[in-house]
Number of protein chains: 2
Amino acid sequence: MTVSSQVSDGTTTASSVDLLLPRGGGGVLAAQCPSRVVLDHVTSKWGVLVLVALSRGTLRWGELRRVVEGISEKMLAQTLRTLERDGIVLREASPTIPPRVDYSLTDRGRELTERLLPLMDWVLANADEILADQG
Amino acid sequence: MTVSSQVSDGTTTASSVDLLLPRGGGGVLAAQCPSRVVLDHVTSKWGVLVLVALSRGTLRWGELRRVVEGISEKMLAQTLRTLERDGIVLREASPTIPPRVDYSLTDRGRELTERLLPLMDWVLANADEILADQG
DNA sequence: TAAGGTACTGACATGACGGTGAGTTCCCAG
DNA sequence: CTGGGAACTCACCGTCATGTCAGTACCTTA
């Protein structure tokens with residue numbers, strides 16, 4: 001049942017708790033930790049879904065809009081801009097008419113989704129049971 | 001339960017992605033998918049941090065408040081109540097004076113954090129670089 | 001007597017998140 | 001020559017998430 005040790009590049013995730021929670025405080029739980037910012041981008045309502053969508057491959061603006069159901073144009077633009085600034089998503093615009101813009105994951109983005117997908121998998125698999133248990 | 005296979009060669013291999021993104025739409029990206037609800041709980045700003053804090057072991061109310069820096073009492077209560085309803089966190093109150101309430105992860109919660117910690121690890125490890133890259 | 005710790009709950013305010021709808025630029029189909 | 005699609009931006013506005021502050025019950029310590 002060990003899930004954490006199968007990251008391709010050899011990074012060990014075995015006792016990650018100690019990294020995340022140094023004894024004297026700090027780590028992710030420190031108020032001023034920069035990871036708080038990135039964490040908010042990555043775990044934002046629409047950020048997660050966009051990353052999942054792109055994990056299968058490159059998508060155009062309009063495709064993203066359709067595939068991530070319920071997202072507004074404003075939120076899609078905002079989410080993509082944030083993820084692009086973070087170097088997680090790559091934006092490639094063709095100067096053609098009509099315009100064509102492709103979005104894909106960078107290497108960094110692929111590293112991220114490697115760790116995100118197992119979580120999403122679990123949530124998807126357990127959501128029904130979790131909600132059923134509480135009426 | 002299919003644990004998503006790791007992506008080792010850059011291109012996504014058929015795995016959990018297909019579960020998450022069925023060809024005809026649906027999956028996590030469907031607007032009415034129940035996983036959206038659970039996802040919001042789990043990836044909420046404070047939810048993530050509380051889960052990380054509890055991943056090392058049982059904590060009391062006051063300990064959580066101190067360890068998760070910046071959280072208000074209201075948000076801590078609200079977050080814990082949500083996670084408890086979801087069967088992810090276990091609340092045990094001793095009817096002693098002064099009151100003592102212990103919070104810990106359920107089995108379900110431990111399954112979840114197994115998948116959450118690698119992600120948090122990565123975010124922590126890369127946050128500085130990500131923020132530095134954008135000035 | 002007062003102050004403080006423990007584990008909360010509830011009222012109130014505010015500010016950010018997110019939705020709506022319009023506007024833009026260029027081209028092509030009808 | 002009107003309409004529509006592509007990929008956005010912008011202004012407006014509402015609601016909900018979050019923060020702040022006060023209050024509660026009981027006991028211990030100063």
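To find a chain, count down the sequence lines: A is the first, B the second, and so on, and within it residues start at 1. Any value given below was found using the heavy atoms of this structure, including those in side chains, with hydrogens, waters and symmetry copies removed.
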Student: Grab the two heavy atoms, one from B:E73 and one from B:W61, that are nearest each other, plus how far apart they are.
Tutor: O-CH2, 3.6 Å
Student: Quick check: does any side chain N or O of B:T106 sit under 3.5 Å from a backbone N or O of B:G87, one acting as donor and the other as acceptor?
Tutor: yes
Student: Got a donor-acceptor contact below 3.5 angstrom from the A:R65 side chain to the A:S72 backbone?
Tutor: no
Student: Can any side-chain N or O of A:E69 pair as donor or acceptor with the backbone N or O of B:A30 at less than 3.5 Å?
Tutor: no
Student: Please check this pair: side chain of B:R60 against backbone of B:R100, looking for a donor-acceptor N/O pair closer than 3.5 Å.
Tutor: no
Student: Any base atoms under 4.0 Å from A:R60, or only sugar-phosphate, or nothing? Heavy atoms, all strands.
Tutor: sugar-phosphate
Student: What's B:R100 touching, base or sugar-phosphate or nothing? Going by heavy atoms closer than 4.0 Å.
Tutor: sugar-phosphate
Student: Please table the atom pairs, donor to acceptor, closer than 3.5 Å between any side-chain atom in residues 127-135 of chain A and protein atoms at least two apart or in another chain.
Tutor:
{"from": "A:E129", "atom 1": "OE2", "to": "B:R108", "atom 2": "NH2", "distance (Å)": "3.2"}
{"from": "A:D133", "atom 1": "OD2", "to": "B:R108", "atom 2": "NH2", "distance (Å)": "2.9"}
{"from": "A:Q134", "atom 1": "NE2", "to": "A:I130", "atom 2": "O", "distance (Å)": "3.3"}
{"from": "A:Q134", "atom 1": "NE2", "to": "B:R85", "atom 2": "O", "distance (Å)": "3.2"}
{"from": "A:Q134", "atom 1": "NE2", "to": "B:D86", "atom 2": "OD1", "distance (Å)": "2.8"}

Student: Kindly give the heavy-atom pair with the smallest separation between A:L39 and B:L49, and that separation in Å.
Tutor: CD2-CD2, 4.1 Å
Student: Under 4.0 Å from a heavy atom of chain B: give me the 5'-most and 3'-most nucleotides of DNA chain D that qualify.
Tutor: D:dT18 to D:dC27
Student: Give me, pair by pair, the N or O atoms of the protein and of nucleotides 8-13 of chain C that are less than 3.5 Å apart, along with how far apart they are.
Tutor:
{"from": "C:dC8", "atom 1": "OP1", "to": "B:R91", "atom 2": "NH1", "distance (Å)": "2.3"}
{"from": "C:dC8", "atom 1": "OP2", "to": "B:Y103", "atom 2": "OH", "distance (Å)": "2.9"}
{"from": "C:dC8", "atom 1": "N4", "to": "B:E73", "atom 2": "OE1", "distance (Å)": "2.2"}

Student: List the atom of B:T58, the atom of B:S104, and the distance in Å for their closest heavy-atom pair.
Tutor: OG1-CB, 3.4 Å
Student: Between A:P98 and A:K45, which residue's closest nucleotide on DNA chain C lies nearer the 5′ terminus?
Tutor: A:K45
Student: More 5' along DNA chain D: B:W46 or A:L80, using each one's nearest nucleotide?
Tutor: A:L80
